[in-house]
Number of protein chains: 2
Amino acid sequence: MTPVAAVLTEERILDAAEDVLRRFGPAKATVVDVAKALGVSHGSVYRHFPTKVALRDAVARRWLDRLAEPLDPARDTEGPAAERLLRWLERLAAIKQGMALNDPELFATFGQLTAEAREVVAAHVDHLAAALTEIIADGVRSGEFAVPDPVPAGRAVLHATARFHHPLHASEWSAPAIGAELREVWRLLVRGLAARP
Amino acid sequence: MTPVAAVLTEERILDAAEDVLRRFGPAKATVVDVAKALGVSHGSVYRHFPTKVALRDAVARRWLDRLAEPLDPARDTEGPAAERLLRWLERLAAIKQGMALNDPELFATFGQLTAEAREVVAAHVDHLAAALTEIIADGVRSGEFAVPDPVPAGRAVLHATARFHHPLHASEWSAPAIGAELREVWRLLVRGLAARP
DNA sequence: CAGCTGACAGATTTCAAACTTTGTCAGCTG
DNA sequence: CAGCTGACAAAGTTTGAAATCTGTCAGCTG
């Protein structure tokens, strides 16, 4: 919708594609729409991205990276690891649930990529599991937690809380008790991670 | 396919409807198909079930009950509660995963009912949570577990293992590591349930 | 007269033809 | 001559008319 005559960079294409996805959703967005928004022919878009799928993946990658930024464990180092873990899980849930509310079409795109088991989503999941592993390893270092290996523990915590952040469960997030349910699972998990006295 | 002239009971209609659902799936099965299989007009089916949805729910109810039978905690009382819990979770996962493989159309019906949040599925989930609560309460009685209230704990364990039995996650069940992942989550959960020395 | 039938209205689904989109590439253009 | 265009084939989607399905009910039948 802004056919400005400027160099056609990957950056500009991604911006336009994200906008088109946000407005039309994954089902209706087309490469022609993206080209139209840039004021070029759709053939030009194919000079920068080999397929529509590659373009969509690139949009998702950028956008999942942006989204995961506030989940860097280095950003919250106050208090016991158990509490940092709860805050992290609640932040993740809030991010996903907020996206589902405020950006339903981009969220639907994310859901589709997850259903298709795209590599970009696997990378995002690995990133989240690594953040959990970091918090758990930190708890082990301080003597608060005692697990043989923080890596599978991190993955297990992510799996055990799938209901609260996995896009497949989005329809369950409107239940009023969902926050209490997350805390109940967290309670069990931190007792499981905790060192014996 | 067996137009035997006999009394038209709810039982016989449910049998026929289950068969039709199994063969055609939730998307293509019609009330006319069910009537045809019974050798009656579709109007007759409506004398016994008010709507197609009610008929489908009744088939699902009967079939979920049958399916949950081997999950009665009274059927496995050997050994520590922690191990009974693992066996129960593995049995649940095996039942769901086996159904997805052997009866894909009925499983798809179940998935649809879950997505639509039908009451019949809520009852099934309550039943499963109650079974978990029973195993946990048993562990508390024997001093093996120490939780303030086994009821929310049972629900939390069911939620934390959603990835391994919830129909939304069916596509993830073909991963070879899925069994190990379940045991990893279980390990964390039983440590969380366990009494302090 | 209890239980089934079959005709019916309105809603939903199917199907095939028309149209749109994807991905390629020969050639134009600044 | 790097980068873009626009015409094209194959694949996929939309559309609307025809067919089917759902749910009702007056009347038939054993």
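Just so it is clear: chains get the letters A, B, ... in the order the sequence lines come, proteins before strands, and each one is counted from 1.
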Legend entry - Close approaches to DNA chain D from residues 15-22 of chain B, in residue order (heavy atom, under 4.0 Å):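 Result for residues 15-22 of chain B: none.
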
Calculate the interatomic distance between [X] atom [atom1] and [N] atom [atom2]; express it in whole Å.
X	N	atom1	atom2	value
Phe49(A)	dT22(C)	CZ	C1'	16 Å
Arg12(A)	dG3(D)	CZ	C1'	14 Å
Arg56(A)	dT22(C)	CZ	P	12 Å
Tyr46(A)	dC8(D)	OH	C1'	14 Å
Leu55(B)	dG23(D)	CG	P	10 Å
Lys52(A)	dT20(C)	NZ	C1'	11 Å
His48(B)	dG23(D)	NE2	C1'	15 Å

Inset, instruction - Determine, using the 4.5 Å side-chain heavy-atom cutoff (strictly less than), whether Ile178(B) and Leu168(A) are members of one ILVMFWY cluster. - result: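 Ile178(B) does not cluster with Leu168(A).
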
Inset, instruction - Measure across Thr133(A) and Gly154(A) and return the closest heavy-atom pair with its distance rounded to 0.1 Å. - result: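 Taking Thr133(A) first and Gly154(A) second, the nearest heavy atoms are OG1-CA, 3.7 Å.
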
Legend entry - Nearest heavy-atom neighbours spanning Glu105(A) and Gly25(A):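 The pair with the smallest heavy-atom distance is OE1-CA, 3.3 Å.
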
With heavy-atom distances below 4.5 Å as the criterion, would you say the side chains of [X] and [Y] are in contact?
X	Y	value
Phe164(A)	Val185(A)	yes
His165(A)	Leu158(A)	yes
His127(B)	Asp65(B)	no
Arg118(B)	Arg61(B)	no

Legend entry - All side chain to side chain contact (heavy atoms under 4.5 Å, CB included) counterparts of Arg141(A), not counting sequence neighbours: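 By the side chain to side chain contact (heavy atoms under 4.5 Å, CB included) rule, Arg141(A) matches Ala137(A), Asp138(A).
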
Inset, instruction - Tell me, please, which residues at least two apart from His48(A) pass side chain to side chain contact (heavy atoms under 4.5 Å, CB included). - result: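 With neighbours one apart ignored, the set is Leu8(A), Glu10(A), Ile13(A).
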
Legend entry - Glu18(B): which of Arg56(B), Arg23(B), Arg62(B) passes side-chain contact (heavy atoms from CB on, under 4.5 Å):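 Considering Arg56(B), Arg23(B), Arg62(B), a side-chain contact (heavy atoms from CB on, under 4.5 Å) with Glu18(B) is found only for Arg62(B).
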
Legend entry - Sequence-distant partners of Asp126(B), salt bridge (Lys or Arg N to Asp or Glu O under 4.0 Å), two or more places apart: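 Here the qualifying residues are Arg155(B).
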
Inset, instruction - Rounded to 10°, tell me the angle between the two end axes of the helix from dC1(C)-dG30(D) to dG30(C)-dC1(D), each built from five pairs. - result: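 If I round to tens, the end axes sit 20° apart.
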
Are any protein N/O atoms closer than 3.5 Å to N/O atoms in nucleotides 5-12 of chain C? If there are, list each pair with its distance.
unit_1	atom_1	unit_2	atom_2	d
dT5(C)	OP2	Ser41(B)	N	2.9
dT5(C)	OP2	Ser41(B)	OG	3.2
dT5(C)	OP2	Ser44(B)	OG	2.6

Legend entry - Of the listed nucleotides dG23(C), dC4(D), dC21(D), the one nearest the side chain of Val32(B):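 Looking only at heavy atoms from C-beta outward on Val32(B), the closest nucleotide is dC21(D).
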
Inset, instruction - Return the nearest nucleotide to the side chain of Thr30(A); candidates are dC4(D), dT24(C), dT21(C). - result: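 Within the option list, the nearest is dT21(C).
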
